[in-house]
Amino acid sequence: MTGLNMAYGDRKSPRIAFSSAIDATLISIDGTCQHACLVFDISDSGAKIGLPVENSRFELQEFFLLLSTRGVVHRRCRLVRRYGNEIGVAFIRSQPKR
């Protein structure tokens, strides 16, 4: 997978960095597993996320990023790069219904 080594400078849209990271949750597409995480920055096209040390073997390629405790604000994501306990994700846009 070539995208896993994508550099921070290859962003498609400007990112907004938070003064302190935001608590969020990563959840598998089928809902069978979830991981606490921190969102460091975000844009229209993706985000930089920090994982706790115990999740250093995070292996999901596609998942949901829940940005609210009730799951109202969420984005479907795919993993594009990994550096230690930080991952870069791209948001997957849903296809318009025809």
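The analysis underlying the following values was restricted to heavy atoms, covering all of them including side chains, and did not include hydrogens, waters or symmetry mates. What you see is a predicted model; the values in this text were computed from it and never measured.
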When rounded to the nearest 0.5 angstrom, what is the spacing between CD1 in Ile49 and NE2 in His35? 11.5 Å

Hydrophobic cluster membership, with links at side-chain heavy-atom distances under 4.5 Å among I/L/V/M/F/W/Y: are Val39 and Ile92 in one? no

Spacing of Leu60 atom CG and Asp30 atom CG [to the nearest 0.5 Å]: 8.5 Å

Partner residues of Ser20 under the side-chain contact (heavy atoms from CB on, under 4.5 Å) criterion, sequence neighbours left out: none

Do Asp41 and Ile16 have side chains that get closer than 4.5 Å, going by heavy atoms? no

Looking at every heavy atom in both Pro14 and Ser43, which two are closest together, and how far apart are they? O-CB, 3.1 Å

Rounded to the nearest 0.5 Å, what's the gap from SG on Cys77 to CD1 on Ile29? Could you check? 8.5 Å

For Ala36 against Pro52, the heavy-atom pair lying closest together: O-CD, 3.2 Å

Going from CD1 on Ile87 to CG on Leu26, what distance comes out if it is rounded to the nearest 0.5 angstrom? 5.5 Å

Going by heavy atoms in the side chains, are Leu79 and Glu59 under 4.5 Å from each other? no

Check the pair Gln61, Arg78 against side chain to side chain contact (heavy atoms under 4.5 Å, CB included), reporting the backbone distance first and the verdict last. CA-CA 5 Å; Gln61 296 301 306; Arg78 75 177 162 79; over 6 Å; no

Determine, using the 4.5 Å side-chain heavy-atom cutoff (strictly less than), whether Leu67 and Val89 are members of one ILVMFWY cluster. yes

Any non-hydrogen side-chain atom of Ile42 less than 4.5 Å from a side-chain atom of Ile22? no

Could I get the full list of side-chain contact (heavy atoms from CB on, under 4.5 Å) partners for Asp44, not counting sequence neighbours? Ser13, Arg93

Tell me, please, which residues at least two apart from Phe40 pass side-chain contact (heavy atoms from CB on, under 4.5 Å). Ala21, Leu38, Lys48, Glu86

Beyond-backbone contact of Phe63 with Ser28, side-chain heavy atoms, under 4.5 angstrom: no

If only atom types and distance count, is the side chain of Thr25 paired as donor or acceptor with the main-chain N or O of Leu66 below 3.5 Å? no

Sequence neighbours left out, what passes ring-ring contact (aromatic ring centres under 6.0 Å, His included) with Phe64? Give chain and number order. His74

Heavy-atom side-chain contact between Phe91 and Ser45 under 4.5 Å: no

